[in-house]
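Data first, discussion second: the structure below is written as structure tokens.
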Amino acid sequence: MDVDEMHGSDDERNESSDEEEEDADLSSLELLPNGRRDMQHAAVNMVVEMRSYPGMTRVGVRRAMCGAELVMKVNNLSLQEDVSEYLNMTGRLNDPRAQRLLSKFSGVNPFKGLKSDNGQRSGIKKYYHFIEPETIFINERMDQRLVGEGAYGLVPVPNTYQYASVIEFLKMLARKNNVMDYMRTRRPSDNGMMEGFTDGDEFLEHALFQEYPDAFQLCLYGDGVDPARRGGPKSGIHEIYNFSISVLNLPPALFYSSESIFPLAMANANDCKGTFAAVLGRFVEELLQLEDGVRVFVNGGFMTIRATLVAVKGDAKAVHEILGFLSCSARHFCPLCMISRDQLHRGQIVIGPIRTPAATDHYLQRIQENPAVATECGLRYRTCLHDSRYFRAENNATFDLMHDGPEGIIMMVIRLCLKQFVCVDNEFQVEELNQRIFAFDYGRQNSRDKPTPNFSYQSLETADTTHSQVMNAGQTMVLFRALPFLLDSIGQNGIAEDNDYLQYLLLLLRIFEIACAPRLPRNVIPYLRRLLETFRVTWYNLFPNVHPINKFHHLMHLPDNILRKGPQRAYWCFKEEGKNCPLRRHVVICNNFKNPQKTAMEQAQIHVSKFWGTHNDTVQYARKFVKSRDVTVAMSPARLHLVTLGFEDGDKIRVCDAVTVWSFVYRVGEFLLYSKASENGNGLPRFAKILSIVCPNYSEHTWFAVEPWETIGLVERFNSYSIAMRENPPTHLIDLKDLPIHPPLKQEVDGSSFIEMTEDSLRANFPSINFGQRKECLKVINNILLSKEKFLFSSNNQQIVLDEIFDAALIKVMSPKELSVFLQDKCRGVLPETIVFLLNEEVDGESFLEFTDNSLLSNFPDLSCEQRLSILKVIANASYEHQTDSPTFQNVNVSQNSPEDDLGCGILQGFVDGEGYLRAVTDDTRDKIDVAPCFSASFLKKRKKDSKATSKKPKFNSEDVLWFKLNEALEP
């Protein structure tokens, strides 16, 4: 189960990236008749890039253009002076052609006319197919407005909503040849594999698709977005109801990206109460036109586009409201069957009588005569979507796996099982679980969705009645996937592998592995039915006093829903929910609460134009390269394959450390799935390690030089595959387009490779690791290499507690956070930005004291000379002035000697050699001590006279404390 779509938009994901990204945007600019790039297109492209970003206001865009215009003027003046000086030296300054050339430096202003909103919209329409949102009137309301000088009064104010034409959006898609070629050739699979709605039974029975199989398959999404959430009394007043459309029969790489979401309508939530007819009326009108066929002119010719609505998705509340059902708390809560809540709680039946169009129409007729009939059937009103010739609410066989899974049954089961482990069986302490959650390596792909370690004994005790935890859906999915690893060997004895509650968690995990798959065979459906039946029956045995929730019943419809509409992953709401975050953020930043839907819709449409509205007749793969560079073919791991493709050893090819494609980030050293289980004879997937990423001259190809690994098998305990490195593995060259839809897996480093690493190899192989993390790795490696030495102090001894003294030894033991506080409080010469920089790089006190000017330059080239000098000044002022020749040590438990055995002196047990390493005093090393050792860097074992002496704390003066941190000392 991968969780690649649990994040926000790509802009949100890349905002916090610390890697240098490179874009190939020059090729996207149009050419003028003289063969040069259009500068005004570049300026409009700059406007589109900024305005499509949710964190940018229109005022910010204008100021950025003013700054860019000033930089351009200064650059042109400088070039004009240089060219004038050259022409004057050559005697050509008065030549008419030279004067025309010089005039071009001052006459070029690509930002002319783009500083106003109307000018920006005109420019975007010229170079992009921009769909300008339409303001549609609903009704009027009375609101307070300024009606005179300092006087307010009630005046009629129009209620409107923003609508973007779905026909115009489909025309955008029709202009993309690679999209239309895929849709024209896409037919139901003949090998039993299901990849989308086209492979479901409903497609084969659908009247429109039987005649026009390449018609657009539309899916409607609706949900409320409150930009003033947690805003006190204003919460809910400005809530926006956001509707969007996705096309199910797009190419998979496009469909599973966040760019496949088209904003349809945005309205105030108060205007969406009732039947939604006022807001969805325009969409239904266009839908009827599309079902008949709309003739459009695209790419120099006429064509007819057709489409119909096949599904409505969202959370349960939104779907019930849009489709005309009663709320989720109704007795007949299921929109697909007539099961009652009482039957669900008693576990009498799995699925109730299936709803049919005839029964729905009958009940709706009765509801018009007597509204009380609504409680008998769970219906409230006739939805306006029934005006469509092909869509019926009772056939909407989709349940959102995001809201039903991580925000529903998954977290509920996790909490119930943890309650049994912690509160009933006392298998482990909840603090230990939180520590494991915090320390677990979730991989780079899930770094934004690390679970929050916030479980407590008190909260688990209420798991029977409180089913939620303070985590978002992405965090819950990551926690759910990692839970078998987190529970492995936990506590004193660990959880037995045959534990009923652990097996129940693994059972649910297997169910969601199938449910969330983007592609699965039909013959897996009987297996899924058995898993679900086992899950249902086991629930009433393990949790007899806990009533199952609605989402528990929704899972029982999974097999039938998959058979009817294809894999249910296509209908989960991770992408749409991720789009809601930028929408809310843009409204808040623009501070427009008079008409927030207008502000949000315009920004969303500009973002759509940026991707789909270009004049190119194909959709380019939106790629971003990290640290790209040119190397020779002879130096590439895939040399033989490149030579086969026509390259020569001396040719230059473009390689990079990472590439971002459709929200997937592939990095050198990570693993990828390059062959699915269904494609292999042994039924196991195949994985390979990325050795190099080749992007030849920014072409449409992205190649991976990979090293295949052997798949050992599936480990049931962890529900994960075990892999091993092959002997003398070959190197394959794989095109990105040929890979399955699956995110890359985290980097793997074995023990032998780890201890062989140096600072240079860490920096080269793991460029994303910052300075502090590299130092920590090197410390661990150094301790491993010295692990043959035995230590004097046991691991349970307490550390020495000393007073705070400002000297080098104090700085040496500081953590990165303590160091930043120290520099802020004590060192006024260090700039705040320098302190923040060191904290972000996780520089601790020991590493800080080791800095030299050369090491600062090599590790932190971005630091200015002034910042480096301020750091070196602090290091130069630090000293060990508080050390004494009589160090004080914490007492340790040693074997007791009789009073007559006490020699009254200390015996030298260890020393620090000239290289700075701690050495034990043995027969081999004793000869190396040619001078009296410095006691401040040595360790003494004092013989004690009696047991009382071992418990006394030594008396010492805090002014004479030797500052050093000692965890372990060597034993001879």
Look at atom CZ of Phe438 and say whether more than 12 heavy atoms of other residues, nucleotides or ligands are closer to it than 6.0 Å. no
Please report the C-alpha distance between Tyr571 and Phe399 in whole Å, then the side-chain angles of each, then the deciding distance to 0.1 Å, and finally whether the ring-ring contact (aromatic ring centres under 6.0 Å, His included) criterion is met. CA-CA 7 Å; Tyr571 307 100; Phe399 286 112; over 10 Å; no
Distance, nearest 0.5 Å, that separates CZ of Arg481 from OG1 of Thr476: 15.5 Å
Contact check, side chains of Ile409 and Trp539, non-hydrogen atoms, under 4.5 Å: yes
Phe333 and His553, any side-chain heavy atoms less than 4.5 Å apart: yes
Strictly below 4.0 Å, N to O, side chains only: are Lys317 and Asp223 in salt-bridge contact? no
Taken to the nearest 0.5 Å, the spacing of Met471 CE from Ile437 CD1 works out to 5.5 Å
Quick test of your reading of the model: are Lys579 and Glu576 salt-bridged, counting only N-O distances below 4.0 Å? no
Side chain to side chain donor-acceptor pair (under 3.5 Å) between Asn454 and Asn434: does it pass, once the steps are laid out? CA-CA 7 Å; Asn454 57 1; Asn434 286 333; over 6 Å; no
Atom pair CG (Asp404) and CH2 (Trp572), whose distance is rounded to the nearest 0.5 Å: 13.0 Å
Closest non-hydrogen contact found for Pro451 with Val478 is CD-CG1, 4.0 Å
Using every non-hydrogen atom in the two residues, find where Tyr540 and His345 come nearest and quote the distance to one decimal. CE2-O, 3.5 Å
To the nearest 0.5 Å, atom CE of Met556 lies from atom CG of Leu532 at 5.0 Å
Are Glu533 and Arg530 ion-paired here, with the side-chain N under 4.0 Å from a carboxylate O? no
Distance (rounded to the nearest 0.5 Å) between Tyr221 OH and Ile261 CD1: 9.0 Å
Quick check for you: to the nearest 0.5 Å, what is the distance between Tyr504 atom OH and Gln420 atom CD? 13.0 Å
Work out which heavy atom in Leu520 is nearest to a heavy atom in Pro567; give both atom names and the distance. CD2-CG, 3.5 Å
Please set out all donor-acceptor pairs under 3.5 angstrom arising from side-chain atoms of residues 483-498, sequence neighbours excluded.
none

Between Arg415 and Glu461, is there a side-chain N and carboxylate O pair less than 4.0 Å apart? no
Donor-acceptor contact below 3.5 Å, side chain Asp657 vs main chain Val668: no
